Amino acid sequence: MELTDAIASAIAGPKVDVQLGPAGVQWCSKPLLEAVAENSAHTGRRIHMHLLETIYQRAWADRHFPDGVVRYLRDIGFLSERLTLAHCIHARPDEIEMIAASGARIVTNFSSNLHLRSGLAPIAAAHRCGCAIAVGVDGLALDEDDDVLREMRLVQMMHGGLGFERTWTAAEFLALAIANGRKATGAPGTGALISGAPADFVTIDLDRLDRDRIMPVDPIELLFARGNASFLRDVVVDGRLIVSEGRCTSVDFPAIERELRGIYRANARQLSPFQRAWPPLAASLQGWFEAQLDCR
């Protein structure tokens with residue numbers, strides 16, 4: 001707690017939000033979780049934590065919190081509008097309702113969950129009961145490219161409704177993803193382009209996006225039909241141009257990538273013993289989890 005306070009005192013500001021980051025309930029002691037809740041309430045600092053991402057975490061939580069892990073977090077004051085929870089794939093309906101009632105938000109990481117076979121989060125159900133939803137990639141987007149535009153399209157297509165019943169329109173989903181994402185990161189405002197709001201926005205190359213140009217199409221509907229990061233032209237943060245014509249303005253990003261790849265390739269041979277040892281170790285770990293948690 002003291003280290004987090006010191007870091008916040010040193011670097012926190014309008015563009016840097018220092019948050020408490022207990023990785024997940026299964027990796028924290030109860031005194032730690034209670035201390036995080038107390039510190040957040042005292043300082044107003046936000047919390048980010050993963051919750052109930054896998055069937056194994058669900059089984060562990062049920063064993064160690066027989067009255068419910070989310071109920072425990074609520075009772076110690078951990079749940080609040082300052083909290084952002086990643087995943088919640090295996091949260092039950094009553095737990096989703098507790099999260100919604102607290103004002104906390106859920107960040108869904110759809111592609112990461114697909115890659116890891118973790119399951120499908122009840123995002124539409126959470127939205128229906130008033131839970132705030134945001135979108136993340138958790139370091140593993142569909143094409144391993146951190147493309148949040150494609151990620152939003154995937155979430156919208158998966159959770160956007162059934163048949164004629166829609167969970168939200170494309171415009172509604174875009175607005176809630178932006179507004180709740182800003183709350184999760186501590187950014188002010190809702191992301192609306194209005195007088196007095198932060199000048200945070202991106203521009204999309206509509207000529208390329210609407211390359212067919214056969215009839216008028218709602219740009220947001222078109223964005224959710226075929227949009228991805230390749231159509232992004234400019235990024236402006238608080239009035240400062242960060243990306244121009246698809247390229248970072250302040251650093252030579254391609255050169256950084258080339259340098260890093262060279263370093264990784266030069267050192268990859270040092271990992272050979274680990275790579276040889278990993279397959280039997282992974283099989284043993286899988287067997288241990290299945291035996292301990294009875295999640296066959």
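All values reported here derive from a predicted model rather than from experimental measurement.
The 12-atom threshold is exceeded at CD of Glu221, counting heavy atoms of other residues, nucleotides or ligands nearer than 6.0 Å. More than 12 heavy atoms of other residues, nucleotides or ligands sit less than 6.0 Å from atom CD of Glu245. More than 12 heavy atoms of other residues, nucleotides or ligands lie within 6.0 Å of CD in Glu257, so this atom counts as buried by the packing criterion. Other residues, nucleotides and ligands place no more than 12 heavy atoms under 6.0 Å from the CZ atom of Arg117.
When all heavy atoms of Ile204 and Leu232 are compared, the pair lying nearest together is CD1-CA, 4.1 Å. Nearest heavy-atom pair across Arg247 and Asp252 is NH2-OD1, 4.3 Å.
Residues Arg226 and Asp212 are paired through a salt bridge, judged by an N-O separation under 4.0 Å between the basic side chain and the carboxylate. Arg46 has no carboxylate O lying under 4.0 Å from a charged side-chain N of Glu81, or vice versa, which leaves the two without a salt bridge.
To the nearest 0.5 Å, atoms CG (Leu52) and NE2 (His87) are separated by 10.5 Å. Separation of atoms CD (Gln26) and CD (Glu53) is listed at 8.5 Å; rounding is to 0.5 Å. Within the model, atoms CE of Met158 and CZ of Arg153 stand 15.5 Å from one another, a figure rounded to the nearest 0.5 Å.
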- request: Could you give me the CA-CA distance, side-chain angles and deciding distance for Asp207 and Arg233, then say whether salt bridge (Lys or Arg N to Asp or Glu O under 4.0 Å) is met?
  value: CA-CA 11 Å; Asp207 288 334; Arg233 189 171 66 184; over 6 Å; no
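Between Tyr56 and Trp60, the ring center distance fails the sub-6.0 Å criterion.
The closest side-chain donor-acceptor pair between Glu34 and Tyr72 falls under 3.5 angstrom. In the model, Ser40 has a side-chain atom that pairs as donor or acceptor with a side-chain atom of Arg82 under 3.5 Å. Under the 3.5 Å distance criterion, with hydrogens and angles disregarded, a donor-acceptor pair is assigned to the side chains of Asp234 and Thr203.
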